Amino acid sequence: MLHNLHVKNLALIDEAEVDFSQGLNILSGETGAGKSIIIGSIGVAIGEKASKDIIRKDADYALVELIFSVDDAVRQKLAAMDIPMEDDQVILTRRISGGRTIAKINSESVSTAKLKEAAALLIDIHGQHEHQSLLNQKNHLQILDVYAKRQLGGAREQLAAAYRAYVQIRKELKEASMDTEQRARELAFLQYEVEEIEHANLQAGEDEELETQYRRMSNSQKIMGSIGQVYQLTAADGAAELTGRAVQEIAAASIYDSRVEQLEGQLMEIDNLLNDFNRELAGYIEDAEFDEGRFYEVEKRLDEINGLKAKYGGSIAKILSECEQKKLRIEKLSDYDTYLSNLQSQCGKKEAELDKLCQKVSKIRKKEALELAKKIKSALIDLNFLDVQFELQFTKKKEYTVFGNDEVEFLISTNPGEPLKSLTKVASGGELSRIMLAIKAVLADCDEIGTLIFDEIDTGISGRTAQMVSEKMNVISKDHQIICITHLPQIAAMADTHFLIEKQAHNNLTVTNIRKLADEETVKELGRMLGGVRITDTVLESAREMKDLAAAAKNSGI
């Protein structure tokens, strides 16, 4: 459930905070007051595209924050996504600044993709034009699969994996098809490459050792210059001579004071260490003669290895792995007929496996389609489709897809005696809105999403139909939180909580505000929706009666 919406510096909103309730939350207001901005801000918070133009004038950033409570099932799914929980709450935050957005879940920065994935478990927004998606037949299969997801279980994922394996083996089979001349050319080239790699006799870690040697040898002049200077400073004419003299002087004093005797011991230790250091340094200088022949060998070997890296991979391990792959390819091409026969056999097996899974998924879909059609029909009758027929028609595609080979289309008849026809051809705008509401109502029963948002679902309807839509929304709101923008009083009257969205001028700026209405204010708002500019006592009485009738309907269990 969505508990709180906090919006700052977004479009016409300076700062607004809304505490939503359970059940049916209605948002209403004058045309242009900014109703869609509120729903739009929620869309921004759950990852919809947001441009820097959405930031309020003279503001540096825009911020939207949503606070949800979640049940055990959703909590487990969020945990599987490595999303931290805070007291059974999920806080989605999105900040837009200078064309850059920062998304967070419970104060932890996440990608927009992860934000969307998490939000899909929490909220479902039905926008003003979403019902138009019903005109795209491809969406009909998706709706069926959402309804049938429990019965499908992992079958659809197995089908998708089988399809990808089938596509891969077909691709390999296509690439393997070649004539004798092509095969001979590839074999010759592969053999040349394998010989080149094997002739190099590469050893693991060899390149790193050679690079260390090369670095030292190529910088030998600089190294020896520094070492020579060190030896000059520390040897017989330098620090060694001075410490020797110091030892003599302190020895003369130590016979008179035991404390000086201790210092003498320390100084003698320093003198011994310095002498040992100078012997080691002299040995290094003596041994460090530059071997030009060895330097040439190291440089040549490194060039050979780096050339192979450029051709076959960025490391010796990758070169050797590539060599093994080429040997396997040589082996296949050397016995090409067997290789091709094996590929064809594998392709046949993968196709048979895929076809079996397609049949399994299709069988589940067809069974669930009957139940879905029955429930959608019942929901449509509740929405004032008095004599409606609704079915899902299946056709089999010639080619496989990641979803199988089913093609599904919604068929509907809204008048007695009329044959079933494609929904994409016969439904009007107002009918599409109600059909989408019916589908949402049915899917809500099998969906774990707690919050449903409807942005002007009432497009193209009025009168008795509007009343029936409100009753259907009331039914859905018993198990789901609903947030609905509407301009129809019949729907607004059914509200458990009613919010008014207003546009006001403040300090020469236009701002949009939202506030919760008390009972009497709700009646006045219904009166405005009923009566327009002049709200007479008669209009208010009608509004009050409408509110009372809605309350009676809610109490009766409709």
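What you see is a predicted model; the values in this text were computed from it and never measured.
To the nearest 0.5 angstrom, K149 atom NZ is 15.0 Å from I364 atom CD1. Rounding to the nearest 0.5 angstrom, the gap separating the OG atom in S41 from the CD1 atom in I54 is 8.0 Å. The line from CD of E209 to OG1 of T212 is 7.5 Å long, rounded to the nearest 0.5 Å. Here the CD atom belonging to Q137 is positioned 10.0 Å from the CG atom belonging to N139, to the nearest 0.5 angstrom.
By the 6.0 Å contact criterion, NZ on K114 is enclosed, its count of non-hydrogen atoms from other residues, nucleotides or ligands being greater than 12. Atom NZ of K367 has 12 or fewer neighbouring heavy atoms from other residues, nucleotides or ligands inside a 6.0 Å radius. Heavy atoms from other residues, nucleotides or ligands lying under 6.0 Å from CE of M1 number more than 12. For Q151, the CD atom is densely surrounded, since the number of other residues' heavy atoms within 6.0 Å is greater than 12. Atom CD of E157 has more than 12 neighbouring heavy atoms from other residues, nucleotides or ligands inside a 6.0 Å radius.
Contact of the L443 side chain with the Y147 side chain is registered, since non-hydrogen atoms from C-beta on lie closer than 4.5 Å. Within the 4.5 Å cutoff, side-chain heavy atoms of E353 are placed close to those of K350. Within the 4.5 Å cutoff, side-chain heavy atoms of D355 are placed close to those of Y400. E196 is listed as a side-chain neighbour of L308, based on a closest heavy-atom distance under 4.5 Å. With contacts defined as side-chain heavy-atom distances shorter than 4.5 Å, the pair R56/I13 does not qualify. Here the side chains of I55 and D60 are not in contact, with every heavy-atom distance at 4.5 Å or above. Under the 4.5 Å side-chain criterion, counting only non-hydrogen atoms from C-beta, L263 is not in contact with L267. Using a 4.5 Å heavy-atom cutoff, the side chains of L122 and L2 are not in contact.
Between E304 and R301 there is a salt bridge, with a side-chain nitrogen of the basic residue lying less than 4.0 Å from a carboxylate oxygen of the acidic one.
Heavy atoms only, all atoms of each residue included: H3 and S69 are closest at NE2-OG, 2.8 Å. Closest heavy-atom contact between V70 and R75: O-NH2, 3.5 Å. Contact detail for K397 and D406: the closest heavy-atom pair is CE-O, 4.1 Å. Heavy atoms only, all atoms of each residue included: A118 and I105 are closest at CB-CD1, 3.8 Å.
Counted by atom type alone, Q76 and D72 present zero donor-acceptor pairs between their side chains at under 3.5 Å. Judged by distance alone, the side chains of E15 and H6 do bring a donor and an acceptor atom under 3.5 Å apart. The closest side-chain donor-acceptor pair between T243 and D271 falls under 3.5 angstrom.
With sequence neighbours excluded, the residues that form a side-chain contact (heavy atoms from CB on, under 4.5 Å) with N342 are T338, Q346.
Between the side chain of R94 and the main chain of E48, a donor-acceptor pair closer than 3.5 Å is present. Between the side chain of N272 and the backbone N or O of N275 there is no donor-acceptor pair closer than 3.5 Å. Without hydrogens or angle criteria, N9 side chain to Y61 main chain gives a donor-acceptor distance under 3.5 Å.
Here the options are T451, I46, I453, L452, the test is side-chain contact (heavy atoms from CB on, under 4.5 Å), and the partner is D124; only L452 passes. Under the side-chain contact (heavy atoms from CB on, under 4.5 Å) test applied with F68, the options N4, L92, I91, D88 reduce to a single match, L92. The salt bridge (charged side-chain N to carboxylate O under 4.0 Å, His left out) test with D145 is passed by exactly one of R150, R156, K138: R156.
Within the structure, salt bridge (charged side-chain N to carboxylate O under 4.0 Å, His left out) pairs that include any residue of residues 314-325 comprise E322-K326, E324-K327 (at least two apart or interchain).
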Begin with the C-alpha distance, continue with both residues' side-chain angles, and end with the deciding distance and a verdict on side-chain contact (heavy atoms from CB on, under 4.5 Å) for I83 and V110. CA-CA 9 Å; I83 292 174; V110 297; 5.8 Å; no
